[in-house]
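Working notes, structure below.
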Amino acid sequence: MFNRLLLTGAAGGLGRALRARLTDLTRTLRLSDVTDAPEAATAVEWMKVDLADGAAVHELLRDVDAVVHLGAVSVEGPFEPILQANILGVFHLYEAARRHGVRRIVFASSNHVIGFYRQGERIDANVPLRPDGYYGASKAFGEQLSRFYFDRYGIETVCLRIGSSFTQAKDRRQLVTWLSYDDLFELIRRALVTPKVGHTIVYGASANRDSWWDNSQAAHLKWQPRDSSEQFRARIEAQPDLPADDPEAIYQGGVFVKAGPFPAPWTDQL
């Protein structure tokens, strides 16, 4: 039982799915996002914070025991917004954690840090990173920054390379990458309560029939997903196949490998 647990990105899809579940782990749940508090959040602490604002993030981490960091631009897009939320924001979070003595962070990384590996290729947490866009590159930065803050300052982090966490799997790729909300919560719970995690990288996918990801190096978390995407297989396999040469069907990152390019703001001056 934590005294105060912080959840960033609390207004996002995963944040909404996790808020009620996380109340069982803490006396006080502090929620944060760039939006005002929704009516349903009145029973907890809500702090409206832009992660790009270092001073605000410093106050956000005050009196916090542990952090579940979901706050980010969560889709592929132009670099500048991703830079502010996902790169500058994660630096502000770790620096505030250092100053306030926070010892445990669960960092929502993404499968998009390895999106240019081929589908069907079995990989573990030690493979070279191959991000499939600006979003994936920003999560790769977060993983490396969290490693630095562990090696230098002892802040433990579990990096969750989340697959596709939705209520249902949507396509053939997600039959492999789907992660149920219940399995995600249990993964976060294990990441928070396992006594010693050091710097751990774990892939987040449910107990699906097929898998591209080897989690043997995160065995100390003792996480056992229970749900499976099989319940969606008949519906999804009734859909037309993508062309065999479509990058979305070739690479683990799916549609993210095709997004962009996104011109920088100054390109309209050329």
Side-chain angles (χ1 to χ4, degrees), residues 1-12 14-16 18-19 22-23 25-38 41 44-74 79-110 113 134-135 137-162 188-189 191-202:
M1 177 66 72
F2 294 97
N3 183 54
R4 179 173 280 103
L5 178 65
L6 169 63
L7 172 66
T8 67
L14 295 185
R16 294 194 302 272
L18 292 168
R19 288 190 316 226
L22 289 172
T23 58
L25 303 181
T26 183
R27 294 181 179 88
T28 301
L29 180 61
R30 177 174 291 173
L31 305 177
S32 175
D33 213 301
V34 293
T35 65
D36 291 319
V44 299
E45 294 180 350
W46 184 280
M47 295 180 67
K48 181 180 179 180
V49 171
D50 184 343
L51 293 170
D53 183 341
V57 175
H58 178 78
E59 291 305 311
L60 179 64
L61 272 286
R62 189 179 297 279
D63 299 323
V64 165
D65 300 318
V67 181
V68 178
H69 182 52
L70 304 183
V73 173
S74 61
F79 180 71
E80 282 73 14
I82 291 173
L83 167 66
Q84 295 300 312
N86 298 22
I87 295 179
L88 191 58
V90 77
F91 164 71
H92 288 156
L93 182 91
Y94 272 88
E95 184 59 12
R98 180 187 70 82
R99 290 175 176 270
H100 287 295
V102 177
R103 309 309 298 170
R104 180 71 61 92
I105 296 175
V106 180
F107 171 61
S109 185
S110 170
V113 302
Y134 297 139
Y135 170 73
S138 75
K139 292 298 184 179
F141 172 82
E143 288 191 6
Q144 293 300 308
L145 188 75
S146 66
R147 177 82 234 191
F148 164 67
Y149 270 82
F150 171 65
D151 287 340
R152 181 135 183 205
Y153 304 114
I155 298 174
E156 293 190 301
T157 293
V158 178
C159 297
L160 313 182
R161 289 183 180 172
I162 296 172
I188 290 173
R189 190 187 72 81
L192 286 169
V193 305
T194 299
K196 292 182 180 181
V197 298
H199 186 267
T200 296
I201 294 172
V202 57

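We number each residue from 1, following the sequence as shown.
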Just verifying a value: how many Å separate [X] [atom1] and [Y] [atom2], rounded to the nearest 0.5 Å?
X: T28; Y: L6; atom1: OG1; atom2: CG; value: 12.0 Å
X: I188; Y: L7; atom1: CD1; atom2: CG; value: 7.5 Å
X: I82; Y: L88; atom1: CD1; atom2: CG; value: 14.0 Å

Do [X] and [Y] come close enough that some side-chain heavy atom pair is under 4.5 Å?
X: Y134; Y: I87; result: no
X: D65; Y: L5; result: no
X: W46; Y: D36; result: no
X: Y149; Y: E95; result: yes
X: Y94; Y: I155; result: yes
X: R189; Y: L25; result: yes

- Go through L93 and F107 one step at a time and tell me if the side-chain contact (heavy atoms from CB on, under 4.5 Å) criterion holds. CA-CA 10 Å; L93 182 91; F107 171 61; over 6 Å; no
Under 3.5 Å donor-acceptor, [X] side chain and [Y] backbone:
X: H69; Y: T8; result: no
X: Q84; Y: A52; result: no
X: R104; Y: V158; result: no
X: R30; Y: R62; result: yes

How close do [X] and [Y] get, counting heavy atoms only, and between which atoms?
X: R27; Y: N3; answer: CB-O, 3.6 Å
X: A191; Y: V197; answer: O-CG1, 4.2 Å
X: L31; Y: A10; answer: CB-CB, 3.7 Å
X: L70; Y: G15; answer: CD1-N, 3.8 Å
X: A11; Y: T35; answer: CB-OG1, 3.6 Å
X: L51; Y: H92; answer: O-ND1, 2.9 Å

- Task: Using the six-membered ring wherever Trp is involved, compare the ring planes of F148 and Y153 and label them parallel, tilted or perpendicular (cut-offs 30° and 60°).
- Result: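 Perpendicular.
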- Quick one: side chain to side chain contact (heavy atoms under 4.5 Å, CB included) partners of Q144, sequence neighbours excluded?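 Once residues adjacent in sequence are excluded, the partners of Q144 under the side chain to side chain contact (heavy atoms under 4.5 Å, CB included) criterion are L129.
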- Task: Applying side chain to side chain donor-acceptor pair (under 3.5 Å) between S109 and each of K139, R161, E143, report the one that passes.
- Result: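 Of all the options given, the one that passes is E143.
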- Message: Go through it in stages, so that I can follow the logic: the residues are R98 and R152, the test is side-chain contact (heavy atoms from CB on, under 4.5 Å), and I'd like the CA-CA distance, side-chain angles, deciding distance and then a yes or no.
- Response: CA-CA 10 Å; R98 180 187 70 82; R152 181 135 183 205; over 6 Å; no
- Message: S110: which residues meet the side chain to side chain donor-acceptor pair (under 3.5 Å) condition with it, sequence neighbours left out?
- Response: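 Side chain to side chain donor-acceptor pair (under 3.5 Å) list for S110, sorted by chain: empty.
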- N86: what forms a side chain to side chain donor-acceptor pair (under 3.5 Å) with it, not counting sequence neighbours?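 Listed in chain order: S138.
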- Run the numbers on L22 and F2 for side-chain contact (heavy atoms from CB on, under 4.5 Å), then give the verdict. CA-CA 10 Å; L22 289 172; F2 294 97; over 6 Å; no
